[in-house]
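Here the structure is laid out as structure tokens; the discussion comes afterwards.
Whatever order the structure lists ligands and atoms in, that order sets their numbers, starting from 1.
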Amino acid sequence: MANVSAHVTTTSATGAQRTIVVVEDEVSIAEAVALRLRSEGFIVAVAHDGPSGVALCERLAPDLVVVDLNLPGFDGLEVTRRVQRERHVPVVMLTARDGETDLIVGLAVGADDYVTKPFSPRELVARIHAVLRRVVAAESETPLRLPPTLVHGDVVLDPSRREALVGETVVHLTATEFDLARWFLSHPKVVFTREQLLRSVWGYADGSGERTVDSHVQAVRKKLGSDFVRTVHAVGYGLGPVSSSAATQAT
Ligand code: CA
């Protein structure tokens, strides 16, 4: 069994050991990754193809999934889609190709980070710790503690009051607009497809109504600034960059 490690992120908020599922068809890589993660204090389970990876995730409900992009059965993008159908599970994707397209596509289906082969186990572990730290920060947002105020340039969202400010001005957002803006602010590095936004923000399972997303994005831009949401061509939407003047004001 795994060693207890000093790393805070190998245990959850309740102190339980964190579980990681590794889905990788190259057995030597899978074993090296599993070995390293176990030595870091994680509980690790390994699958070697897409379908058994998804089955393993359904059984174990892991805290994080490491998935190879190219897999037998179905690929890492499909694995990510399926394991995230019920709940958001952090995913770190392994990819043999360093193309930007793969990166965008991988992040668009919900991967939190990616590592390009060949990689060192140490590098992968560092990425995993970073992703889990972000999850821990999100987990701390319990009803007992007020959710943190989200700041992006001169835009401030206060989830406890469901209030938005642009500079000093209070801006009225509808409930959906607020949730959409909050979603982008809570996942600043991720580009989402319209379908994912419908699932995550609206709670729609079937992905219909993509024009709904477009109209709400337009409304959010009108109220919080045109740069607040960026369009990623042929993929979807993500949080926009902080303009330099706004960044200066915020500090
Ligand atoms: Ca592979």
Practice problem: Just the protein N/O/S atoms under 3.0 Å from the Ca ion (ligand 1), please, no waters. | Solution: Asp25 OD1, Asp68 OD2, Asn70 O
Quiz item: Val115, Leu35: one ILVMFWY side-chain cluster at the under-4.5 Å cut-off?
Solution: no
Quiz item: Taking only residues two or more places apart in sequence or in another chain, which ones pass side-chain hydrogen bond (donor to acceptor under 3.5 Å, both in side chains) with Asp75?
Solution: none
Quiz item: Would you call Glu195 and Arg81 a salt bridge, using N to O less than 4.0 angstrom?
Solution: no
Practice problem: For His187, check ring pair (Phe, Tyr, Trp, His ring centres under 6.0 Å) against everything at least two apart and list the hits. | Solution: Trp183, Phe192
Practice problem: Could you pull out all residues at least two apart from Glu31 that satisfy salt bridge (Lys or Arg N to Asp or Glu O under 4.0 Å)? | Solution: none
Exercise. Compare every heavy atom of Arg36 with every heavy atom of Pro121, then report the nearest pair and how far apart it is.
Key: CB-CG, 3.7 Å
